[in-house]
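Scroll down for the structure; my scribbles are underneath it.
Note that the numbering runs from 1 along the sequence shown for the chain.
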Amino acid sequence: MSQHHQVENIKIEAGMLSLLVDGKFIEHSLETLSPLLAQATSQEQSVFEISPSGYGIHWPLIDEDISVDGLLGIVHQPLQHKKSA
């Protein structure tokens, strides 16, 4: 299966989430990114899953999800439906 994003080296240290996405270093403050993740224990923060497509990261112990596109600042527009005449 081909991935949309290559997500690697996810680390949470000193209140910051850092990772590599498609070879690009990304870093975000947990407080602004996810207060739930910021308040989680180190154990809860250390257990995560990367979606097969590379579109998201899931922390199952706290049921938190973060969009990789969101970390990259990519905003998706809703699909426009064509009206039939």
Side-chain angles (χ1 to χ4, degrees):
M1 173 184 262
S2 168
Q3 290 190 330
H4 181 268
H5 291 295
Q6 181 67 36
V7 180
E8 303 174 289
N9 299 345
I10 297 174
K11 294 179 188 162
I12 296 179
E13 296 176 330
M16 300 294 287
L17 170 70
S18 62
L19 64 156
L20 286 175
V21 178
D22 302 330
K24 179 180 176 184
F25 179 75
I26 306 291
E27 188 172 59
H28 286 280
S29 162
L30 290 180
E31 281 296 327
T32 57
L33 183 63
S34 167
L36 182 63
L37 190 54
Q39 294 174 7
T41 66
S42 339
Q43 171 65 22
E44 292 168 331
Q45 292 174 347
S46 69
V47 178
F48 59 85
E49 304 160 346
I50 301 168
S51 69
S53 65
Y55 277 109
I57 308 166
H58 176 67
W59 283 265
L61 299 178
I62 58 171
D63 195 26
E64 179 69 322
D65 296 284
I66 294 180
S67 157
V68 173
D69 281 357
L71 292 172
L72 294 171
I74 298 170
V75 178
H76 296 275
Q77 299 298 322
L79 294 176
Q80 298 293 324
H81 295 284
K82 294 182 180 182
K83 294 181 181 179
S84 50

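- Using a 4.5 Å heavy-atom cutoff, the side chains of L17 and K11 are not in contact.
- Of all the heavy atoms in H58 and D63, the pair that sits closest is CE1-OD1, 3.4 Å.
- In the hydrophobic clustering, L20 connects to F25, either directly or through intervening members, whenever side-chain heavy atoms lie under 4.5 Å apart.
- Judged as a side chain to side chain donor-acceptor pair (under 3.5 Å), and not counting sequence neighbours, the contacts of D69 are H5, H76.
- When L61, I62, L30 are each tested for a side-chain contact (heavy atoms from CB on, under 4.5 Å) with Q45, only one passes: L30.
- If you take CD on E8 and CG on L19, they are separated by 10.0 Å, rounding to the nearest 0.5 Å.
- Annotation: the span from D22 atom CG to L72 atom CG amounts to 7.0 Å, rounded to 0.5 Å.
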Using atom types as modelled, flag every donor-acceptor pair under 3.5 Å from a side chain in residues 34-43 to any protein atom, sequence neighbours excluded.
unit_1, atom_1, unit_2, atom_2, d
S34, OG, L37, N, 3.0
S34, OG, E64, OE2, 2.4
T41, OG1, E44, N, 3.1
T41, OG1, E44, OE1, 3.4

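- At least one side-chain heavy atom of S29 sits less than 4.5 Å from a side-chain heavy atom of E31.
- Within the 4.5 Å cutoff, side-chain heavy atoms of P60 are placed close to those of V47.
- Partners of H28 by side chain to side chain contact (heavy atoms under 4.5 Å, CB included), not counting sequence neighbours, listed by chain and number: I26, L33, L71.
- Through ILVMFWY side-chain contacts below 4.5 Å, Y55 is grouped with nothing and stands alone.
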